[in-house]
**Student:** 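Let me begin by handing over the structure; questions about it come next.
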Amino acid sequence: SSFNGVRHQCAVRASATSPAPRTRHVGMRWRMARAAPNAALCCLLAAHAAFIASSADTRPNFLFLLVDDLGYGDVDICPDNLPLHACPLRTLDSDTARRTHLKTPRLRQMAEEGQIMTNHYAPRSICSPSRQAYMSGRDPVHYGAIDHYGRIYVSSGSRGGYNTSEITAAQYLKDAGYATGYSGKWHIGLTNGTDQWAYSPWRFGFDSVEFFIEGSNGEPCPQGMLNTEGDDNIYHMCSFSHVSRRKGEAGELIEQPIRWENITARHLAVTLDFVRKQQGTGKPWFFTHAFTHVHMPWVPARFFVTSDNPQEQPWVNMVNQVDWAVGVLLDELKATGQENTVVMLTSDNGPYLEFASSFCPTNCRYQMPSWQRAGKDPLHMCAPCSQTTSAGTISTPGPLLTGGKGTTREGGVRVPALWWWPAGIPKGTVNPVVTSGLDLLPTLLDLAGIRVPSVPTLDGRSIKGSLLSPPGPETTPEGTFFYWCGVTLMAVRINQYKVTFSAQLFVDKEGAAVNKSLCGGKGDCCEGSPSRLCTCGGPLWKHTYVETFDPPVVVDLGTNPMEDFGKAVPPGDAAPIVDQAEALRLAKYRSVVAELTGRRTDDLGMKALQAILFARPNMMQVDLSERIPEKMQMPQFRPYQTCSNSVSTKDLPSFLKCKERFPCLNDKDYPGPWEYALPNGTKCGGFRQPSGNSFFPEEMLPSVRAWQELAQVRPLCMAGDTTASAITQCNTMASQVLNWVPTGELWNVPFPSQQRTRFDSVEFI
């Protein structure tokens with residue numbers, strides 16, 4: 001019957017016509033890649049998939065685990081018998097501090113049971129564009145969804161988001177009979193100005209959405225600019241601090257602001273519930289679990305705090321917590337007999353060096369406001385301001401790479417990646433093939449037996465063959481990767497070679513070199529930059545933040561992974577590699593501009609192509625500022641408003657208009673605190689989570705204790721330990737700034753009816 005139903009839909013769609021390419025047909029399950037000419041072809045593919053699904057369904061399930069800001073050096077997963085150059089995702093024996101604190105035994109177990117990708121790249125070096133690319137298998141430059149300056153969606157009230165013409169892996173798999181779901185961080189848009197949920201996951205093929213954070217967890221608002229009157233709390237996240245769930249085709253808020261301490265465990269419970277419900281259904285499924293960790297705020301659950309000084313190593317404790325959560329998910333797959341599940345784990349970009357790796361003073365300013373530090377030690381509430389003290393507890397791109405989040409250096413985009421599938425992937429393998437997040441969609445479709453579409457043109461490729469039959473770990477890497485920054489293509493990787501046309505300088509706002517004591521002691525970041533991260537350059541900036549090379553610089557990443565340009569490939573040997581890279585770069589630019597404009601581009605040179613991309617409106621720039629020239633504004637959103645949160649913009653009429661669109665949970669009896677107040681004075685806050693509280697889920701405590709024993713760590717607050725000393729330690733942590741906001745007390749203090757602040761036992765914390 002499903003096959004006949006699809007045949008009927010095909011007949012209807014094949015007769016449809018539309019003048020616009022890649023039209024999204026509202027109400028239809030299948031989004032056409034192109035209009036009428038390809039309708040029949042697309043539907044035949046859907047009918048073929050439905051026919052496959054109607055027989056005994058042995059297709060694998062898919063679980064995609066996306067960690068936030070996990071750096072290449074933030075895991076210890078490589079086999080001990082491989083040399084460092086063959087598998088660098090490890091903690092060095094000489095790094096005793098890191099070996100003491102960083103524990104990823106469950107990720108190591110996942111690697112032993114699956115496959116490590118040593119040359120895997122996040123599509124972009126910053127979250128919003130990278131997440132869009134993971135979803136579509138296409139870089140967002142193809143569909144006008146990347147800004148050159150801000151590079152993220154800035155606010156809950158900003159209009160614009162992930163392009164509705166794009167077809168996600170979830171949509172393809174759903175139309176092929178898969179159950180689908182999503183939980184966690186999204187950060188690729190929400191509202192179009194009239195429909196608050198226009199860009200939510202369920203509009204892109206994800207059916208089950210019970211724990212949805214639409215924006216970026218991160219820094220608090222400047223000077224508390226969104227706080228309600230009389231509220232001096234320092235909230236981590238500026239207008240994105242709320243959780244929603246799907247309700248029909250709309251959504252509803254269920255938590256505002258977010259209660260951070262136990263968020264990883266509470267989020268995990270939602271994904272576990274989805275996995276358990278699929279057991280025995282006979283229907284394959286695809287689920288994306290997008291962690292909020294290890295992005296700031298650094299708020300680990302107390303059971304993972306392992307230092308006598310709780311503020312000493314919050315970031316490492318968060319990595320450990322992710323490791324525990326991954327292990328719980330894999331255990332659940334085994335326990336429910338769902339080992340025919342392909343699990344892929346990776347990161348959206350490299351480490352947040354400007355914050356997670358700074359020795360001093362960067363990592364102090366968001367831990368506690370200056371007025372609360374008055375009269376206290378200058379380093380009160382700060383991570384240790386000493387490289388020797390904190391070297392083992394910071395986020396890094398690894399011992400061989402340089403740069404981090406926001407940069408096109410290897411550390412900004414080369415990230416950990418693991419694949420696990422007992423039914424198909426050889427255990428304990430290490431794969432050197434060059435892969436990226438752009439390969440996720442075509443690979444999942446290939447593994448599901450769905451023909452990879454030829455329209456729209458994908459940037460990624462299926463790596464099924466390499467996964468099932470990987471080359472040796474020391475084989476010369478094969479593959480290409482394009483290093484985009486905004487709308488500039490800065491470098492191209494061809495096998496083991498990286499050809500750099502331009503690179504970001506490690507400078508501050510004024511263009512001065514960053515102090516070498518910052519960012520892991522290497523200074524390879526842009527502390528004080530006007531965009532918080534290293535910028536992509538461009539004509540709007542006052543200073544020069546990018547260096548251009550003529551001729552381009554070629555490095556062999558096999559022997560020079562640190563990208564030391566002083567050790568570049570000699571010009572004579574580099575020339576043919578440069579020629580190949582320049583041809584690939586020009587072809588990529590031409591294909592992008594041709595798709596965006598519908599015009600021929602084979603007569604255009606590099607400067608003309610770049611000028612077109614710089615001048616073209618894009619979805620991510622919508623409502624970044626009201627001062628964006630009208631000719632660069634998308635017609636459907638004119639006039640633009642200023643939605644970026646800053647003290648200088650908070651009283652602008654257009655910002656207040658933007659603020660009217662902020663999601664708001666207004667519970668009458670809710671005592672606060674509130675995330676913000678709307679311009680009409682309505683305070684926004686409440687708690688409607690189905691669990692009724694924000695406790696650490698009691699049923700997970702045995703797994704925490706098992707992880708503690710496996711990792712050979714003894715946190716101050718042991719799960720299940722009811723001794724007087726353990727209770728004292730837990731209470732001490734609750735009063736010693738475990739969450740660092742707002743006053744050194746437990747974040748959930750304002751919720752006395754739902755969250756305890758003192759404990760007689762630790763069984764239900």
Side-chain angles (χ1 to χ4, degrees), residues 33 60 62-67 70 72 89 114-125 127 129-143 166-173 205 286 288 290 341-350 410 412-421 424-426 429-471 475 477-484 489 491-496 498 557 584 588 591-592:
F62 300 112
L63 177 59
F64 178 42
L65 305 177
L66 185 60
V67 188
L70 187 69
Y72 198 78
L89 292 147
Q115 187 172 122
I116 301 170
M117 312 301 289
T118 54
N119 285 293
H120 178 81
Y121 290 87
R124 291 281 187 139
S125 64
C127 57
S130 186
R131 289 164 186 267
Q132 291 179 130
Y134 270 117
M135 298 274 288
S136 65
R138 286 160 44 83
D139 190 276
V141 74
H142 282 285
Y143 40 93
E166 292 302 299
I167 308 172
T168 65
Q171 188 68 54
Y172 281 119
L173 291 167
F286 168 54
T288 294
T341 300
V342 179
V343 182
M344 197 273 178
L345 178 143
T346 189
S347 177
D348 61 344
N349 47 248
E410 289 297 290
V413 281
R414 203 194 302 188
V415 292
L418 287 165
W419 288 81
W420 181 92
W421 184 27
I425 293 177
T429 48
V430 177
N431 192 333
V433 169
V434 179
T435 66
S436 80
L438 295 161
D439 301 327
L440 181 68
L441 182 148
T443 302
L444 298 190
L445 298 192
D446 198 4
L447 289 168
I450 302 170
R451 185 176 299 174
V452 178
S454 59
V455 178
T457 302
L458 299 181
D459 288 313
R461 58 174 178 165
S462 171
I463 59 168
K464 174 183 174 180
S466 180
L467 287 174
L468 303 187
S469 182
T475 304
E478 174 274 325
T480 59
F481 180 73
F482 294 90
Y483 301 75
W484 286 96
L489 189 44
V492 177
R493 177 167 183 172
I494 305 172
N495 302 328
Q496 76 267 38
K498 181 174 183 179
L557 292 173
L584 288 171
K588 179 65 72 173
S591 69
V592 167

**Student:** For residues Arg138 and Pro456, determine if any side-chain heavy atom of one lies less than 4.5 Å from a side-chain heavy atom of the other.
**Tutor:**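 Yes, close enough: below the 4.5 Å cut-off.
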
**Student:** Indicate yes or no: at least one non-hydrogen side-chain atom of His120 is less than 4.5 angstrom from one of Trp419.
**Tutor:**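 Not in contact.
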
**Student:** Distance check, rounded to the nearest 0.5 Å: Leu445 atom CG versus Arg451 atom CZ?
**Tutor:**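 Nearest 0.5 Å value for the CG-CZ distance: 12.5 Å.
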
**Student:** I'd like to know if the side chain of Asp439 reaches the main chain of Ile463, judged simply by a donor and an acceptor atom lying under 3.5 Å from each other, with no hydrogens or angles considered.
**Tutor:**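 Judged by distance alone, no pair lies under 3.5 Å.
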
**Student:** Would you compute the distance between atom CD of Glu410 and atom NZ of Lys498 and round it to the nearest 0.5 angstrom?
**Tutor:**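 One finds 4.0 Å between CD of Glu410 and NZ of Lys498.
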
**Student:** Where the side chain of Tyr72 meets the backbone of Thr118, is there a donor-acceptor pair that is under 3.5 Å apart?
**Tutor:**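 Yes: the side chain of Tyr72 pairs with the backbone of Thr118.
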
**Student:** Return yes if some donor-acceptor pair links the side-chain N/O of Gln115 with the main-chain N/O of Asn431 below 3.5 Å, else return no.
**Tutor:**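 Looks like no, no N/O pair under 3.5 Å.
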
**Student:** Can you tell me how far OG of Ser125 sits from CZ of Arg414, rounded to the nearest 0.5 angstrom?
**Tutor:**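 The CZ atom of Arg414 sits 14.5 Å away from the OG atom of Ser125.
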
**Student:** State, with a plain yes or no, whether a side-chain heavy atom of Thr429 is found less than 4.5 Å away from one of Ile116.
**Tutor:**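 Of all side-chain heavy-atom pairs linking Ile116 with Thr429, none is under 4.5 Å.
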
**Student:** Could you tell me the separation between the OG atom of Ser462 and the CG atom of Leu441, rounded to the nearest 0.5 Å?
**Tutor:**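 One finds 10.5 Å between OG of Ser462 and CG of Leu441.
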
**Student:** When rounded to the nearest 0.5 angstrom, what is the spacing between CG in Leu418 and CD1 in Ile425?
**Tutor:**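 Here the rounded value is 10.0 Å.
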
**Student:** Test Phe64 against Thr346 for side chain to side chain contact (heavy atoms under 4.5 Å, CB included), laying out the working first.
**Tutor:** CA-CA 8 Å; Phe64 178 42; Thr346 189; 3.8 Å; yes

**Student:** I want to check something: taking the side chain as every heavy atom from C-beta on, are Val433 and Pro477 in contact at a cut-off of under 4.5 Å?
**Tutor:**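 Result no, sub-4.5 Å side-chain heavy-atom pair not found.
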
**Student:** Hey, are the side chains of Trp420 and Leu345 touching, using non-hydrogen atoms and a 4.5 Å cut-off?
**Tutor:**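 A side-chain contact under 4.5 Å is absent here.
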
**Student:** Regarding Tyr143 and Ser136, is there a side-chain donor-to-acceptor distance under 3.5 Å anywhere?
**Tutor:**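 A pair is found: one side chain offers a donor N or O, the other an acceptor, under 3.5 Å apart.
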
**Student:** Once you measure the plane-to-plane angle for Tyr483 and Tyr121, does it fall in the parallel (<30°), tilted (30-60°) or perpendicular (>60°) bin?
**Tutor:**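 Tyr483 and Tyr121: perpendicular rings.
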
**Student:** Within the structure provided, determine whether Asn349 and Arg124 are in side-chain contact (heavy-atom separation under 4.5 Å).
**Tutor:**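 Not touching, per the 4.5 Å side-chain cut-off.
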
**Student:** For Leu458 and Pro442, which heavy atoms make the closest approach, and how far apart are they?
**Tutor:**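 That closest heavy-atom pairing would be CD1-CB, 4.1 Å.
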
**Student:** Work out which heavy atom in Ser130 is nearest to a heavy atom in Asp348; give both atom names and the distance.
**Tutor:**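 That closest heavy-atom pairing would be OG-O, 2.7 Å.
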
**Student:** If every non-hydrogen atom of Pro60 is compared with every non-hydrogen atom of Val342, which pair is closest and at what distance?
**Tutor:**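 Closest heavy-atom pair between Pro60 and Val342: CB-CG2, 4.0 Å.
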
**Student:** Looking at CG of Leu438 and CZ of Arg461, how far apart are the two atoms once the value is rounded to the nearest 0.5 Å?
**Tutor:**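 CZ of Arg461 is found 11.5 Å from CG of Leu438.
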
**Student:** Any idea which heavy atoms bring Gly437 and Tyr134 closest together, and the distance?
**Tutor:**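 Shortest heavy-atom separation between Gly437 and Tyr134 comes out as CA-CE2, 3.1 Å.
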
**Student:** Just so I know, are the side chains of Ser466 and Pro471 near enough to count as touching, which here means a heavy-atom distance under 4.5 Å?
**Tutor:**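 Sidechains of Pro471 and Ser466: in contact.
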
**Student:** Once you measure the plane-to-plane angle for Phe62 and Phe286, does it fall in the parallel (<30°), tilted (30-60°) or perpendicular (>60°) bin?
**Tutor:**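 Perpendicular.
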
**Student:** Would you mind reporting whether Tyr172 and Pro453 have side-chain heavy atoms less than 4.5 Å apart?
**Tutor:**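 Pro453 reaches Tyr172 side chain to side chain.
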
**Student:** Between Thr443 and Lys464, what is the shortest heavy-atom contact and its length?
**Tutor:**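 The answer is CG2-N, 4.2 Å.
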
**Student:** Is there a donor-acceptor pair closer than 3.5 Å between any side-chain N or O of Ser436 and the backbone N or O of Ala122?
**Tutor:**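 Here the side-chain-to-backbone pair does not exist.
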
**Student:** Under 3.5 Å, is there a donor-acceptor pair between the side chain of Thr168 and the main chain of Met135?
**Tutor:**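 Not confirmed, Thr168 side chain does not pair with Met135 backbone.
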
**Student:** Would the distance check show the side chain of Arg493 and the main-chain N or O of Asn495 forming a donor-acceptor pair, the cut-off being under 3.5 Å?
**Tutor:**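 Yes, because the side chain of Arg493 sits within donor-acceptor range (under 3.5 Å) of the backbone of Asn495.
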
